[in-house]
Amino acid sequence: MTVQLRDYQQKWIADIRASFAAGNRATLGVLPTGGGKTLGFSYISAGIYRKNKRVWIMAHRRELLRQISESLALFQIPHAVLSGGYHGVPNAQVLVASVFTLVNRIKHMPPPHLIIGDEAHHFTLNSSWGKIVTAFPSAKILGVTASPARLDGKGLGDVFNDMVMGPSVA
C-alpha cells in the first residue's frame with residue numbers, strides 16, 4: 001500500500017525539516033486533531049530509517065503505541081515496541097516506546113538521532129518526557145501535538161525552541 005500525504009501534511013513536514021535545517025534542536029509540530037500527525041512523523045521516521053539512523057517515538061498510552069506501530073507498518077518500516085511487560089532492550093533502529101517504560105530503561109539504550117514525542121504538550125523538563133530528552137543532548141527532538149498549551153499554564157519553551165504550525169481546522 002502506498003501512502004499519499006495531503007498537501008498540507010507535506011508542507012508541515014517540509015516546515016519541520018526546515019526548522020531542523022535552520023539549527024533548531026527541538027521543534028514542536030502542531031496540527032489539529034485528525035490532521036495526520038502520526039502519518040507525518042511516520043513519514044519523517046521513514047527518512048531517518050533510510051539514512052540508517054535511530055529514531056524513538058514515544059507516547060504515554062497503549063492505544064497511541066498501537067496507532068503509531070500501524071502507521072509505521074503502512075510505510076513498511078521495521079520497528080520494535082517497548083512497553084510494560086516487555087523485558088530487555090530492543091536494538092531496533094526504529095523504536096515505538098511507552099515513555100514510562102523507556103525512562104526506566106534509558107541507561108541501557110543506545111542513543112537515538114531523533115526523539116519524537118506524541119502528545120508533546122506533556123513535555124516538561126522535570127517529567128519522564130523531559131528526563132529522556134535531557135539524557136540524550138545530541139538527539140534532535142520533534143514533539144507533535146494538537147494543543148500547544150498546557151492546562152497547568154506551564155510553557156513548552158523549556159524543551160522546544162521552535163514551533164511549526166500546520167493549518168487550522170478551518
Report, one line per pair, each donor and acceptor closer than 3.5 Å where one atom sits in a side chain of residues 39-49; sequence neighbours left out.
| from | atom 1 | to | atom 2 | distance (Å) |
| --- | --- | --- | --- | --- |
| Ser42 | OG | Thr38 | O | 2.8 |
| Ser42 | OG | Ser71 | OG | 2.7 |
| Ser45 | OG | Phe41 | O | 2.8 |

Mind listing the side-chain donor-acceptor pairs of residues 19-36 below 3.5 Å, one per line with the distance, residues two or more places apart or on another chain?
| from | atom 1 | to | atom 2 | distance (Å) |
| --- | --- | --- | --- | --- |
| Ser19 | OG | Asn24 | ND2 | 3.2 |
| Ser19 | OG | Thr27 | OG1 | 2.7 |
| Ser19 | OG | Asp162 | OD2 | 2.6 |
| Asn24 | OD1 | Asn161 | ND2 | 3.3 |
| Asn24 | ND2 | Ser19 | O | 3.0 |
| Asn24 | ND2 | Asp162 | OD2 | 3.3 |
| Arg25 | NE | Pro137 | O | 3.1 |
| Arg25 | NE | Ala139 | O | 2.7 |
| Arg25 | NH2 | Val133 | O | 3.2 |
| Arg25 | NH2 | Phe136 | O | 2.8 |
| Arg25 | NH2 | Ala139 | O | 3.1 |

*Working for side chain to side chain contact (heavy atoms under 4.5 Å, CB included), residues Ile116 and Met58*: CA-CA 6 Å; Ile116 299 172; Met58 307 182 308; over 6 Å; no
*Go through the steps for Leu142 and Ile115 under the test side chain to side chain contact (heavy atoms under 4.5 Å, CB included), then give the verdict.*
CA-CA 6 Å; Leu142 171 59; Ile115 299 171; over 6 Å; no
*For Leu114 and Trp56, what are the C-alpha separation, side-chain angles and deciding distance, and is it a side chain to side chain contact (heavy atoms under 4.5 Å, CB included)?*
CA-CA 6 Å; Leu114 175 65; Trp56 294 352; over 6 Å; no
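Between the CE atom in Met163 and the OG1 atom in Thr145 there is a gap of 10.5 Å [rounded to 0.5 Å]. Considering OG of Ser128 and CG of Leu102, their distance stands at 9.5 Å, rounded to 0.5 Å.
Considering only residues two or more places apart in sequence or on other chains, Lys11 meets the side-chain hydrogen bond (donor to acceptor under 3.5 Å, both in side chains) condition with Asp15. Every side-chain contact (heavy atoms from CB on, under 4.5 Å) that Ser127 has, sequence neighbours left out, goes to Thr124, Trp129. Partners of Arg61 under the side-chain hydrogen bond (donor to acceptor under 3.5 Å, both in side chains) rule, at least two apart in sequence or in another chain, are Glu63. Gln4 is linked by a side-chain hydrogen bond (donor to acceptor under 3.5 Å, both in side chains) to nothing, counting only residues two or more places apart in sequence or in another chain. A search for side-chain hydrogen bond (donor to acceptor under 3.5 Å, both in side chains) contacts involving Asp7 returns nothing, not counting sequence neighbours.
A side-chain contact (heavy atoms from CB on, under 4.5 Å) with Ile77 is found for one member of Val55, Val96, Leu72 and no other, namely Leu72.
What you find for His79 and Ala73 is that their closest heavy atoms are CE1-N, 4.3 Å. Considering every non-hydrogen atom in both Val94 and Ile57, the closest pair reads CG1-CD1, 4.5 Å. The minimum heavy-atom distance between Ala59 and Leu64, with the atom names listed, is CB-CB, 3.7 Å. Gly143 approaches Phe160 most closely through the heavy-atom pair N-CE2, 3.5 Å.
Judged by distance alone, with hydrogens and angles left aside, the side-chain atoms of Gln10 form a donor-acceptor pair with the main-chain N or O of Leu5 at under 3.5 Å. At least one donor-acceptor pair closer than 3.5 Å links the side chain of His113 to the backbone N or O of Arg54. Under the 3.5 Å distance criterion, the side-chain polar atoms of Glu70 are left unmatched by any main-chain donor or acceptor of Gln67.
There is no side-chain donor-acceptor pair under 3.5 Å between Ser98 and His60.
Heavy atoms of other residues, nucleotides or ligands lying less than 6.0 angstrom from CZ of Arg6 number 12 at most.
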